[in-house]
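Counting starts at 1 for both ligands and their atoms, in listed order. Here, residue 1 is the first one in the sequence, and each next residue gets the next number.
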Amino acid sequence: MSSVKRLRTRLDETGLIHVMAAHSPLSALLAEEAGFDALWASGFELSALYGLPDMSLISMTQHLDMLRLIAGRTTLPIIADIDTGYGNAINVIHAVHEYERAGASAVVIEDKTFPKVTSLMAGGRQELLRIEEFQGKIEAAVATRRDPNFLVIARTEALIAGLGETEALQRAKAYEEAGAEMVLIHSKKKDASEIESFSRAWGGSVPLAIVPNAYPDLDAERVKALGNIRVMIYGNYGIRAAATAMRETFRRIIADGGVQNVHKDILPVEEIFDLQNVDSVKAAEARFLR
Ligand code: SPV
Ligand code: MG
């Protein structure tokens with residue numbers, strides 16, 4: 001079954017899917033091992049991996065290259081975070097064509113202007129497109145996909161921009177009318193009140209996706225009780241976990257004057273060999289090297 005179909009099937013079979021951010025093939029392999037349903041090719045994580053803020057500085061080519069590498073090393077479907085679609089509806093046509101060919105199963109396009117500013121930054125300059133213009137981008141994405149199962153998800157940043165629930169609902173409804181099959185509603189509030197209120201007020205017929213980065217208390221049990229949220233994206237947890245582990249380990253090595261203490265607290269190299277699938281190389285050596 002194609003990964004595009006697998007994402008659809010998983011969504012149909014499960015009330016709620018859990019999607020982990022991936023910024024590299026290694027992080028994708030670890031997410032797959034842990035049991036996530038799909039991967040989020042996160043713009044925030046890839047920007048952070050490059051040591052850059054998430055403000056349209058990473059090019060589409062850089063993001064696509066990483067997505068292709070991830071797709072080559074995991075069987076999980078990938079939801080691509082394509083930010084604003086890299087420009088207008090014409091850029092979206094090009095992007096959707098490229099992302100589908102690269103192995104993505106879905107794209108999320110957000111209704112901010114290009115260049116975007118990362119959503120969770122305090123005091124971030126958040127400018128939204130006119131609704132009609134963003135509808136054109138969604139229609140362009142839907143018209144471009146080759147596989148009808150390729151999922152086009154519209155993300156509204158109305159709450160992030162401080163425009164309130166009425167505007168968020170109006171935008172979400174307009175994007176559904178334009179052909180989006182799911183709406184991602186994002187919030188930077190430290191509790192889940194905005195998301196829960198939006199979910200209760202949502203009268204559309206397409207399901208919702210959320211990214212509980214700012215409001216971690218909203219767990220799967222509470223999400224299921226809301227009834228219309230089908231996707232939980234853990235948007236920056238991979239890079240934060242990696243940075244936490246590296247910072248602490250590096251700090252200890254300097255403080256200890258060597259690796260004598262940390263070595264037992266990090267993965268043994270044999271486990272990295274497993275992640276690198278070294279066994280298959282050994283088998284190929286035995287078979288083909290003469
Ligand atoms: C990402 O992971 O790139 C996201 C989620 O878009 S957030 O950074 O919270 O906006
Ligand atoms: Mg993003």
Sub-4.0 Å atoms of ligand 1 with respect to non-hydrogen atoms of S119: 10 (O)

Check whether any heavy atom of N213 sits under 4.0 Å from an atom of ligand 1. yes

Ignoring hydrogens, what is the shortest heavy-atom contact between I153 and L184? Give both atom names and the distance. CG2-N, 4.0 Å

Which heavy atom of E157 sits nearest a heavy atom of S119, and at what distance? OE1-OG, 2.5 Å

What residue and atom, counting heavy atoms only, is the protein's closest point to atom 8 (O) of ligand 1, and at what distance? F44 CB, 3.6 Å

Taking the six-membered ring for Trp and the single ring otherwise, decide whether the centroids of Y86 and H94 are under 6.0 Å apart. no

Atom indices of ligand 1, in the order listed, that fall short of 4.0 Å to a heavy atom of L120: 9 (O)

Pair R6 + E13, salt bridge at N-O below 4.0 Å: no

Among the heavy atoms of H186, does any lie under 4.0 Å from an atom of ligand 1? yes

Residue pair R73 / S24, side-chain donor-acceptor N/O under 3.5 Å: no

Run the salt bridge (charged side-chain N to carboxylate O under 4.0 Å, His left out) check on E285 and K282 step by step: do they pass? CA-CA 5 Å; E285 279 189 341; K282 280 196 199 146; over 6 Å; no

Numbered in order shown, the ligand 1 atoms found under 4.0 Å of a heavy atom of G235 are 2 (O)

Which of the atoms in ligand 1, numbered in the order shown and given with their element, are less than 4.0 Å from a heavy-atom of G43? 3 (O)

Would you mind naming the N, O or S atom of D81 nearest to the Mg ion (ligand 2)? OD2

Could you pull out the closest heavy-atom pair between G87 and K137, with the gap in Å? O-NZ, 2.6 Å

Quick one: nearest non-hydrogen protein atom to atom 2 (O) of ligand 1, plus distance? S42 OG, 2.7 Å

If you have a sec, work out which protein heavy atom is nearest atom 10 (O) of ligand 1 and how many Å separate them, to one decimal? R155 NH2, 3.0 Å

Examine D81 against ligand 1 and note whether any of their N/O atoms are separated by less than 3.5 Å. yes

Applying a heavy-atom cut-off of 4.0 Å, say which part of K116 lies close to ligand 1: side chain, backbone, both or neither. neither

In terms of side-chain geometry, is the basic nitrogen of E110 or K116 positioned less than 4.0 Å from the acidic oxygen of its partner? yes

